[in-house]
Undergrad: 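Let me begin by handing over the structure; questions about it come next.
For the single chain, residues carry numbers from 1 onward in sequence order.
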Amino acid sequence: MPPCDSLDELAAAMDVPADTLKETFAAYDASVAAGEDAEFGKKLFLNSLSAPYYAMKHFPYRYKTHGGMKVATDSQLTDKDGTPIPNVYCCGSTVADSGSDLAPNAGSGLVTGKAVVAALKA
């Protein structure tokens, strides 16, 4: 999906009601301002969101296979000797130490995304 420059554009791309999406964003912005998402007890990673917006369909499922890739603490893939490979990152269930649940794998995606952005800015 290409980036969307407004919530109306994002809602259309996601095929959801624009009013509902705007209400969701307003509730999230209130949580950011309060410093806590009281509904879920979340206090970390509450950052205001702004365009461009991206969305993806996600269909969670459980499986019992896991990858064997070894990564450094910033999710950078390592070679057989444990040396980080420049500009190659790995996350989710492809990582040897990943969990079998959605939350740890999604969390590793957040860590990896931040590492990639930092590397691109360097």
Undergrad: Show the nearest heavy-atom pair for residues A51 and D5, with the distance to one decimal.
TA: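 Smallest heavy-atom distance, with atoms named: CB-O, 3.4 Å.
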Undergrad: If we only count heavy atoms from C-beta on, is the F25 to L10 side-chain gap below 4.5 Å?
TA: yes
Undergrad: Answer yes or no: is there a side-chain heavy-atom contact under 4.5 Å between V16 and T20?
TA: no
Undergrad: Measure the OG-CD distance between S31 and E39 for me, rounded to the nearest 0.5 Å.
TA: 8.0 Å
Undergrad: Which heavy atom of G109 sits nearest a heavy atom of C91, and at what distance?
TA: CA-SG, 3.8 Å
Undergrad: Report the distance from atom CG of L77 to atom CG of N87, rounding to the nearest 0.5 Å.
TA: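 It comes to 12.0 Å.
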Undergrad: Establish whether M14 and Y53 are linked, either directly or via other cluster members, by ILVMFWY side-chain heavy-atom contacts under 4.5 Å.
TA: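 Same cluster.
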Undergrad: Can you tell whether the side chains of D8 and K22 come within less than 4.0 Å, N to carboxylate O?
TA: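 Salt bridge flag = yes for K22 with D8.
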Undergrad: Is V117 reachable from Y89 through a run of hydrophobic residues whose side-chain heavy atoms are each under 4.5 Å from the next?
TA: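 Not linked; separate clusters.
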Undergrad: Same cluster for L7 and V32 if Ile/Leu/Val/Met/Phe/Trp/Tyr side chains link at under 4.5 Å?
TA: yes
Undergrad: I'd like to know if the side chain of D81 and the backbone of T83 have a donor-acceptor N/O pair within less than 3.5 Å.
TA: no
Undergrad: For the residue pair A11 and A18, what are the closest heavy atoms and their distance?
TA: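 It is CB-CA, 3.6 Å.
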Undergrad: How long is the straight-line distance from CG of L46 back to CG of L44, given to the nearest 0.5 Å?
TA: 7.5 Å
Undergrad: Under the ring-ring contact (aromatic ring centres under 6.0 Å, His included) rule, collect the residues that match up with Y54, sequence neighbours excluded.
TA: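 In terms of ring-ring contact (aromatic ring centres under 6.0 Å, His included), with neighbours along the sequence ignored, Y54 is linked to no residue.
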Undergrad: Considering residues, nucleotides and ligands other than K43, do more than 12 of their heavy atoms fall under 6.0 Å from its NZ?
TA: no
Undergrad: I need the Y28 OH to L49 CG distance, nearest 0.5 Å.
TA: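 Going from OH on Y28 over to CG on L49, the span is 5.0 Å.
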Undergrad: Is it the case that the side chain of Q76 and the backbone of V71 share a donor-acceptor pair, with hydrogens and angles ignored and the cut-off at 3.5 Å?
TA: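 No; zero donor-acceptor contacts below 3.5 Å.
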